[in-house]
There are 2 protein chains.
Amino acid sequence: MPERYYEDYSVGEVIKADGVTLSEADILDFAFRYDPQPFHLDKEAAAKSIYGGLIASGWQVGAVTFRMLVQAGVLGRGSMGSPGLDELRWTKPVRPGDTLYAEAEVTDMRPSQSKPDRGLVFMTYRVRNQSGEVVMSFRSTQLIRRR
Amino acid sequence: MPERYYEDYSVGEVIKADGVTLSEADILDFAFRYDPQPFHLDKEAAAKSIYGGLIASGWQVGAVTFRMLVQAGVLGRGSMGSPGLDELRWTKPVRPGDTLYAEAEVTDMRPSQSKPDRGLVFMTYRVRNQSGEVVMSFRSTQLIRRR
């Protein structure tokens, strides 16, 4: 992981991840383990659903794009975890063969008032598909160690 | 999946899932794929972190407990997906060997105003560990087909 601490973030900064293509096999495997609803796990049932075909679990879209953002350096050795997420929205279906591009924007930051070793970095995450449509977004707070 | 439609939910109903124990291997495998931060992926680094040892990715806690809730029948053939989550909080670390118990409470419901084939079911999800401590919670809206 990069040597990235609180002082290395700045409001307005946007970190972009490389793309990740979700195969049909990836979607079916994740659904089998974690989200076995018919429109994620069963092509025949999915074709008859309101989605008209197989779509990826929203948990999978979150997990795979978070991986790509970690790999892109959005968090570094200063990461101390996150207390949570807000306003997570799945705005478009993700289908087999879609390629996802995630980005994180630093919207605000402040030192912790109770713990001088860390700060809070507020981020908005967006995930787009190959057509540029936003398929998922959320806000989160990251706890980041100060140098 | 059970034959569960909008009319089969009621406000105040609580659906409880069976427990799921997270092994160290599960935690490491999920971290390797989706959330490779040192306190999820590296026992030695985790021991020196603020968590004092390996903890599960929050995405993993969400995904595995959602699986247990689907298996418990929280969603049935009437499920049409979810537009999103709100106020997701990770309130306690989840460590290797912890057993997680998830529940979903129906807090409100109403027919869709624009689409007569479906209703909205508002749920609060809670995940507790074997000591009864809440480790994660969130609210979500489910779109459910009417009979």
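Proteins get letters first, then strands, A, B, ... in listed order; numbering begins at 1 in each. Owing to the predicted nature of the structure, the values given are computational and were not obtained by experimental measurement.
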Sort A/Leu85 into side chain, backbone, both or neither according to what part of it lies under 4.5 angstrom from a heavy atom of chain B.
both
A/Met136, part contacting chain B, at a heavy-atom distance under 4.5 Å:
side chain
Test your reading of the model: is there a side-chain donor-acceptor pair from A/Arg33 to the backbone of B/Val64, 3.5 Å cut-off?
no
Residue A/Met1 versus chain B: region with a heavy atom under 4.5 Å:
side chain
Counting heavy atoms not belonging to A/Asp29, are there more than 12 under 6.0 Å from its CG?
yes
Shared hydrophobic cluster for A/Val20 and A/Leu69 (ILVMFWY, side-chain gaps under 4.5 Å)
yes
Could you work out, with salt bridge (charged side-chain N to carboxylate O under 4.0 Å, His left out) as the rule, every residue matching B/Arg110, not counting sequence neighbours?
none
Quick one: what part of A/Ser49 sits under 4.5 Å from any heavy atom of chain B, side chain, backbone, both or neither?
neither
Is it the backbone or the side chain of A/Phe66 that comes under 4.5 Å from a heavy atom of chain B, or both, or neither?
both
Tell me, out of A/Met68, A/Arg145, A/Arg67, A/Gln60, who's got the most heavy-atom pairs with chain B below 4.5 Å.
A/Arg67
Chain A contacts, top residue of B/Arg77, B/Gln71, B/His40, B/Glu87 (heavy-atom pairs, under 4.5 Å)
B/Glu87
Under 4.5 Å between side-chain heavy atoms, counting indirect links through other Ile/Leu/Val/Met/Phe/Trp/Tyr residues: same cluster for A/Val121 and A/Phe138 or not?
yes
What class does the angle between the rings of B/Phe30 and A/Tyr34 fall in, given that below 30° is parallel, 30 to 60° is tilted and above 60° is perpendicular?
perpendicular
Taking it one step at a time, do B/Asp86 and A/Arg89 satisfy salt bridge (charged side-chain N to carboxylate O under 4.0 Å, His left out)?
CA-CA 9 Å; B/Asp86 286 280; A/Arg89 294 293 175 270; 3.2 Å; yes
Identify whether B/Phe32 and A/Val74 are in the same connected component of the hydrophobic contact network (ILVMFWY, side-chain heavy atoms under 4.5 Å).
no
Between B/Val106 and B/Ile144, is there shared hydrophobic-cluster membership here, with clusters defined by ILVMFWY side-chain heavy atoms closer than 4.5 Å?
yes
Ranked by heavy-atom pairs below 4.5 Å to chain B, first place among A/Ser137, A/Ser82, A/Gly58, A/Pro93 goes to A/Ser82
Taking a hydrophobic cluster as the set of Ile, Leu, Val, Met, Phe, Trp and Tyr residues connected by side-chain heavy atoms closer than 4.5 Å, whether directly or through intermediates, do A/Val94 and B/Leu143 fall within one such cluster?
no
